[in-house]
Number of protein chains: 2
Amino acid sequence: MIGTPAGAVAERRAARVAEIVATAWELARDEGIGGLTLHGLARRLGIRQPSLYAYFESKNALYDAMFADGNRKLLERLDAQRLPNDPRRAVKASMQAFVDFVLADTPRCQLLFQRPIPTFEPSAESYALAEDVLGRVIARLDAAGVEDQGDIDCFVAMVAGLVDAQISNDPGGTRWTRHLDRLVDLYLDDANRRSTP
Amino acid sequence: MIGTPAGAVAERRAARVAEIVATAWELARDEGIGGLTLHGLARRLGIRQPSLYAYFESKNALYDAMFADGNRKLLERLDAQRLPNDPRRAVKASMQAFVDFVLADTPRCQLLFQRPIPTFEPSAESYALAEDVLGRVIARLDAAGVEDQGDIDCFVAMVAGLVDAQISNDPGGTRWTRHLDRLVDLYLDDANRRSTP
DNA sequence: GTCTATAGTTTGATAGAC
DNA sequence: GTCTATCAAACTATAGAC
């Protein structure tokens, strides 16, 4: 109460939580997202496994924090980006940033966009962040004249297909993602053609 | 030795193996591919868990048999199909059959095309079957004038993206797959345009 | 080929002292 | 908040009798 700035305790705690989450990502990169265990995480943090329960009430809660963290960072990246005025160029730049971010970290990509942990489902709060990400993409497509839900669905599925093929068959390479710009043109042309016949 | 046709024992055994694999798929449909355990499988077969080791030397060997089984059935389906003479129609019919087959069974789709069991990797023999499936697709694309590796990659990734979105977000529905024919046209037109400028 | 019995491991989670 | 100690559960796999 005395000499302690209001919220300082909470801040300390939040910093510790962030550190644990960062270490969890680190461990996931070494052992795979499926190889992440509370024992292993505690060992890397230099504490004992039960101590983690002071921060996360279950393993799923840890996954949820990681899921939220990944989406928040992606959102930050998308929002920090200075986009070209031309809507089509903006879509390309935006999707390029998206793909780069996603491919930079395999386990993060898996946790955010695949379902590598069958027992884990994000909480409503965390899921809302994922919807925000999708909202950014949709907004940029809309600006480029893509408004039809079917066109949006196809576009998103195409990007997801590229990312998935890339990370599954050639992580670190560009065999699939190098076609991104061309395919964006293809999809946008087609959508524009059909929406203004 | 006497009165026993040559190979009859092997046949009986193969039939039993096939029965076990079929039951494993059945169980996977009920419990999820991740919920498949040797105890549960044995229970459904009316035997005890260690008895399974008379047929499979490990759980991964069971997964491998399932993986091979799924690919073999898909291959049969693709080969049994009577295709239109027009190459483009043939591609469409072929991919429609592919998507229908794949979406008809969620856990099979997961085992064949995703990586739901991190510890499982198919044996060389089983993987060859998966390559055969891809070979069929490539042959039909080739007949329709798609020969460039990049174009093939994009096409395959697009179909995979549709399937994945469909099964993850709307299993049993057609929100994504209904665009298949249109997208086939889009990709084929584009590939043809660039290969014969 | 099937059984009983059991080993051996891994892992998430809780109780309670400090 | 961190510790020790421990639980409980689930599961793969093996040994050896029949």
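Naming: A, B, ... by sequence-line order, numbering from 1 per chain. Owing to the predicted nature of the structure, the values given are computational and were not obtained by experimental measurement.
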Whole angstrom value for the distance that separates [atom2] of [N] from [atom1] of [X]:
X      : N      : atom1 : atom2 : value
B/R48  : D/dC18 : CZ    : C1'   : 16 Å
A/H39  : C/dA13 : NE2   : C1'   : 9 Å
A/L27  : C/dT11 : CG    : P     : 11 Å
B/R16  : C/dG1  : CZ    : P     : 10 Å
A/E57  : D/dG1  : CD    : P     : 15 Å
A/R43  : C/dT10 : CZ    : C1'   : 11 Å
B/N60  : D/dT12 : CG    : P     : 10 Å
B/F120 : D/dT12 : CZ    : P     : 15 Å

Margin query: If you apply the rule salt bridge (Lys or Arg N to Asp or Glu O under 4.0 Å), what do you find for A/D190 with B/R182, and how did you get there?
Written below: CA-CA 10 Å; A/D190 183 60; B/R182 183 171 60 76; 3.0 Å; yes
Base, sugar-phosphate or nothing for [X]? Non-hydrogen atoms, less than 4.0 Å.
X     : result
B/S51 : base
B/Y53 : base
A/R13 : sugar-phosphate

- request: Would you please test A/F155 and A/F98 for ring pair (Phe, Tyr, Trp, His ring centres under 6.0 Å) and show each step?
  value: CA-CA 13 Å; A/F155 184 92; A/F98 179 92; 9.9 Å; no
### Task
May I ask you to decide if the ring planes of B/F120 and B/F67 are parallel, tilted or perpendicular, using 30° and 60° as cut-offs?
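Rings of B/F120 and B/F67: perpendicular, over 60°.
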Which nucleotide in the list [options] gets nearest to the side chain of [X]?
X     : options                : value
B/A54 : C/dG1, C/dG12, D/dT14  : C/dG1
B/L38 : D/dC11, D/dA13, C/dG12 : D/dA13
B/P50 : D/dA15, D/dT12, C/dA13 : D/dA15

> What is the minimum heavy-atom distance between B/L52 and B/L38, and which atoms define it?
Replying inline: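 Where B/L52 meets B/L38 most closely, the heavy atoms are CD1-O, 3.4 Å.
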Shortest non-hydrogen pair, B/A157 vs A/A165, comes out as CB-CB, 4.3 Å
